[in-house]
Amino acid sequence: MEKERETLQAWKERVEHELDVVVAFWLEHSHDQEHGGFFTCLGRDGQVYDDLKYVWLQGRQVWMYCRLYRKLERFRRPELLNAAKAGGEFLLRYARVAPPAKKCAFVLTRDGRPVKVQRTIFSECFYTMAMNELWRVTGDAQYQSEAVEMMDQIVHWVREDPSGLGRPQLPGAPAAESMAVPMMLLSLVEQLGEADDELAGSYAELGDWCARRILRHVQRGGQAVLENVSEDGEGLSGCLGRHQNPGEDTRPTLPEPSPGHALEAGWFLLRHAVRRGDPKLRAHVIDKFLLLPFRSGWDPDHGGLFYFQDADGLCPTQLEWAMKLWWPHSEAMIAFLMGYSESGDSALLNIFYQVAEYTFRQRYLQSHPRQDSPLKQGTRSSKGITCYKVTWQFRDPEYGEWFGYLNREGKIALTIKGGPFKGCFHVPRCLAMCEEMLSDLLSRLAPASAPAPALSARSPPADPARRGAE
C-alpha cells in the first residue's frame, strides 16, 4: 500500500509540474494582444511561424483556460481569465462566417476574416464548449445563450438535416457514419449538462443515442473498433470500412485505424456509464474501447501507439501510419487512469504507467550533435569528450510544451509545438485530468506515515520510474 501511494504521489507531482510548464508556454507565446485570440502555429521556442487562426483551436484554448481557472486553485489567476474572455470575444465577433447563420469558419486571418470553411461540425462543437465554460466562470448569460443555440444547431445538422453543412450528396459516396460525430455530441452533452439538472434532463435522450451510435462501431465480432460504419450500423467495404480514426484529422473520411480515437471514445463512454449508473456498460467499454485498441495499437518493437493501422493487417495507406503523435498518448493516459479509478483493476493502472513512462521518457544516445538540432550535447569521459543526444519522447524540458510528432522509433520528427491541429488542448487537458484523478486516488488511500518532501521551485519532480513504477 505504501509503495502504491508513493508511486501515485510521484506521478501526481510530475504531471502537476508538467502542467505548470505547458500552461506557461501558451501564456507566454500564444496571445495576440493586437487582434485578440490566440496564435497556435508556434515553433519549438514559441516563435510564431504563421498567424492564421483555427477556430476549433481558438475554442479549445478558451475552454482550456476556463477549465483550469475553474477546477484548479493555482490557476485562478486574472491573466488566465482575461485571456479566455478575450479569446471568447474574438470568437463571438469572427467565428461565424455569415451571422446570424451558425456555420463557423475553420480558418481565419489574424484579424478575423474567413479563409476556409469545413463541411463538418467540429469548429461549432468547440465554439459551444468555449461559450459554456466562459459562462461558468463569468456568469455572463450571453455566453450560455450562444452555447445552447449552437448546440441546437449542431443537433439539427446531425440528426435532422445536414444540408446546412454544405456537403454535397454524391451518388457514389457510401452512406457512412463516422464515430467522431456521436463522440463529439456525447462530449457536449456532458459539458452542457454539468451541474445543470434542467439541461442534463433535456439532453439525456441525446446522450443515450450518442452512446448507442458509438457502440455500433465495435465490429468484426467484437475484435475491432472501426471509425466508419454504415448508417444502419454494419461494416463497410474497402479502406473506409477498415479504418479506426486518428481522431483529430478533419478530412471527412479516412481509411486506416489507430487506437487513439477508440481510447478517447472510451473515456467519454466511461463518464457516460458513471452518469447513468451502468456497471455493465462500464465493463464493456473497458474491454472494447480501452484494452482492445491498446493491445492492437501498441508498438511491440519501439513502444508507443501507432497512429494508423489497417483492421485486416494490410499495409496502411497513410504515410504517417507508424508515427507516434502527442494526442493518442494523452488520451491513453486519461483513459487508463480513469478506467482504474472507476474499476479498481490494477492492470489498467499498470498500462497507465506504461504509457506515461513512454510519454515522459528521456533517452541518451551517443552522437555528434548538430548546431541546429533540438537535441543536446554531452559529457566528458576519461577518454575525452563523449557527445550525446538527449532525446525526449514528447516533453521539451528546455522550452516547455510537447513535441507533437515522433517517428516510429520515438525520435522527434517535427519540432513545432503547435499548428492547425495541435494547440492548447490535448496536453494540458490530459495533465489536468490526470492530476485530479491522481489526487482523488491518493485521498482514498490511508495517509502516509510522513508527508512527502516539498518540491523545489526550481527542480522538476523525481522520475517516478526511479521510485519503482512498473
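Remember, predicted model here, so these are calculated numbers, not experimental data. Residue numbers run from 1 in the order of the sequence given.
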* To do: Determine, step by step, whether Tyr49 and Phe39 satisfy the ring-ring contact (aromatic ring centres under 6.0 Å, His included) criterion, reporting the C-alpha distance in whole Å, the side-chain angles of both residues, the deciding distance to 0.1 Å, and the verdict.
  => CA-CA 9 Å; Tyr49 65 84; Phe39 300 116; over 10 Å; no

* Please report the C-alpha distance between Asp152 and Val155 in whole Å, then the side-chain angles of each, then the deciding distance to 0.1 Å, and finally whether the side-chain contact (heavy atoms from CB on, under 4.5 Å) criterion is met. => CA-CA 5 Å; Asp152 291 344; Val155 173; 5.8 Å; no

* **Stepwise side chain to side chain donor-acceptor pair (under 3.5 Å) test for Thr128 and Gln191** => CA-CA 9 Å; Thr128 302; Gln191 174 71 42; over 6 Å; no

* Is the NZ or CZ atom of Lys417 positioned over Phe403's six-membered ring, under 6.0 angstrom from the centre and within 45° of the axis? -> yes

* Asked: Should Leu68 and Leu19 be marked as a side-chain contact (heavy atoms from CB on, under 4.5 Å) after you check the CA-CA gap, both sets of side-chain angles, and the distance that decides it?
  -> CA-CA 10 Å; Leu68 291 169; Leu19 178 59; 4.1 Å; yes

* Answer yes if the ring centres of Tyr94 and Phe90 are under 6.0 angstrom apart, and no otherwise. => yes

* Are the aromatic ring centres of Phe425 and Trp63 under 6.0 angstrom apart? -> yes

* Would you name the heavy atoms of Glu146 and Arg96 that are closest together and state the gap between them? => OE2-NH2, 3.8 Å

* Given Leu406 and Leu325, is the side-chain contact (heavy atoms from CB on, under 4.5 Å) satisfied, shown in steps? -> CA-CA 6 Å; Leu406 311 179; Leu325 271 67; over 6 Å; no

* To do: Could you give me the CA-CA distance, side-chain angles and deciding distance for Arg213 and Glu177, then say whether salt bridge (charged side-chain N to carboxylate O under 4.0 Å, His left out) is met?
  => CA-CA 9 Å; Arg213 304 293 278 208; Glu177 176 186 87; 2.7 Å; yes

* Asked: Given Trp326, which of Tyr358, Phe421, Phe394, Tyr405 fulfils the ring-ring contact (aromatic ring centres under 6.0 Å, His included) condition?
  -> Tyr405

* Is Leu42 close to Ile416 at the side-chain level, that is, under 4.5 Å between some pair of heavy atoms? -> no

* **Ring centres under 6.0 angstrom apart (Phe306, Trp321)** => yes

* Asked: Do the charged groups of Glu264 and Arg429 touch, with an N to O distance under 4.0 Å?
  -> yes

* Asked: Looking at Arg216 and Glu234, does any basic side-chain N land under 4.0 Å from a carboxylate oxygen?
  -> no

* To do: For side chain to side chain donor-acceptor pair (under 3.5 Å), just list the numbers for His217 and Glu227, CA-CA rounded to whole Å, side-chain angles, deciding distance to a tenth of an Å, and then say yes or no.
  => CA-CA 7 Å; His217 290 258; Glu227 169 59 19; 5.5 Å; no

* Any chance CD of Glu160 has more than 12 other-residue heavy atoms, nucleotides or ligands included, within less than 6.0 Å? -> yes

* **Validation row: Val225, Gln219 side chains within 4.5 angstrom (heavy atoms)** => no

* To do: Please test Ser145 against Glu149 for side chain to side chain donor-acceptor pair (under 3.5 Å), starting from the C-alpha separation and ending with a verdict.
  => CA-CA 6 Å; Ser145 177; Glu149 288 180 13; 3.2 Å; yes

* Asked: What class does the angle between the rings of Phe360 and Trp402 fall in, given that below 30° is parallel, 30 to 60° is tilted and above 60° is perpendicular?
  -> perpendicular

* Mind listing the closest non-hydrogen atom pair of Gly400 and Val21 along with its distance? => CA-CG1, 3.6 Å

* Using a 4.5 Å cut-off on heavy atoms from C-beta on, say whether the side chain of Asn132 contacts that of Tyr127. => no

* Pairwise side-chain contact, Gln354 with Phe336, heavy-atom cut-off 4.5 Å (strictly under) -> no

* **Non-hydrogen atoms of Leu134 and Cys66 that approach each other most closely** => CD2-SG, 3.7 Å

* Would you sort out whether Leu305 and Lys324 count as a side-chain contact (heavy atoms from CB on, under 4.5 Å), showing the intermediate values? => CA-CA 6 Å; Leu305 294 165; Lys324 314 295 170 60; 5.6 Å; no

* Cys125 side chain near Ile154 side chain, heavy-atom distance below 4.5 Å -> yes

* Pair Arg74 + Glu435, salt bridge at N-O below 4.0 Å -> yes

* Before accepting this row, confirm whether a basic side-chain N of the pair Glu401/Arg395 lies closer than 4.0 Å to the acidic partner's carboxylate O. => no

* Presence of salt bridge, Glu16 and Lys12, under 4.0 angstrom -> yes

* Asked: Which atoms form the tightest heavy-atom contact between Gly304 and His329, and what is the distance?
  -> CA-NE2, 3.4 Å

* **Phe126 six-ring centre to Arg60 NZ/CZ under 6.0 Å and within 45° of normal** => yes

* Asked: Taking atom CD of Gln47 as the centre, does the number of heavy atoms from other residues, nucleotides or ligands within less than 6.0 Å exceed 12?
  -> no

* Asked: Are the aromatic rings of Tyr54 and Phe106 close, with centres under 6.0 Å apart?
  -> yes

* Structure fact -> Tightest non-hydrogen contact, residues Tyr307 and Pro328, listed as CD1-CG, 4.3 Å

* **Close side-chain approach of Val427 to Glu18, heavy-atom, < 4.5 Å** => no

* Asked: Ring centroid separation for His29 and Phe25, is it under 6.0 angstrom?
  -> yes

* Is it the case that more than 12 heavy atoms not belonging to Asp232 sit under 6.0 Å from its CG atom? -> yes

* Could you check Arg444, Met437, Glu436 and say which one makes a side chain to side chain contact (heavy atoms under 4.5 Å, CB included) with Asp440? => Arg444

* When rounded to the nearest 0.5 angstrom, what distance separates OG in Ser343 from CG in Leu348? -> 4.5 Å

* Asked: Do Leu445 and Leu8 have side-chain heavy atoms sitting under 4.5 Å apart?
  -> yes

* Asked: Taking Glu194 as the fixed residue, which of Arg275, Arg271, Arg67 is the one that meets the salt bridge (Lys or Arg N to Asp or Glu O under 4.0 Å) rule?
  -> Arg67

* **Salt bridge flag under 4.0 Å for residues Glu342 and Arg282** => no

* Asked: What's the shortest heavy-atom distance between Gly297 and Pro259, and which atoms?
  -> CA-CG, 3.8 Å

* Asked: What distance do Leu92 atom CG and Glu89 atom CD have between them, rounded to the nearest 0.5 Å?
  -> 5.0 Å

* Asked: Do the numbers put Lys53 on top of the ring of Phe38, so that NZ or CZ is under 6.0 Å from the six-membered ring centre and no more than 45° off the axis?
  -> no

* Asked: Do Val158 and Met184 touch side chain to side chain, with heavy atoms closer than 4.5 Å?
  -> no

* To do: Report, as yes or no, whether the 6.0 Å neighbourhood of atom CZ on Arg113 holds more than 12 heavy atoms from other residues, nucleotides or ligands.
  => no

* Using 30° and 60° as the class limits, which term best fits the ring planes of Tyr353 and Trp11: parallel, tilted or perpendicular? -> parallel

* Residue Glu205 excluded, over 12 heavy atoms near CD under 6.0 Å -> yes

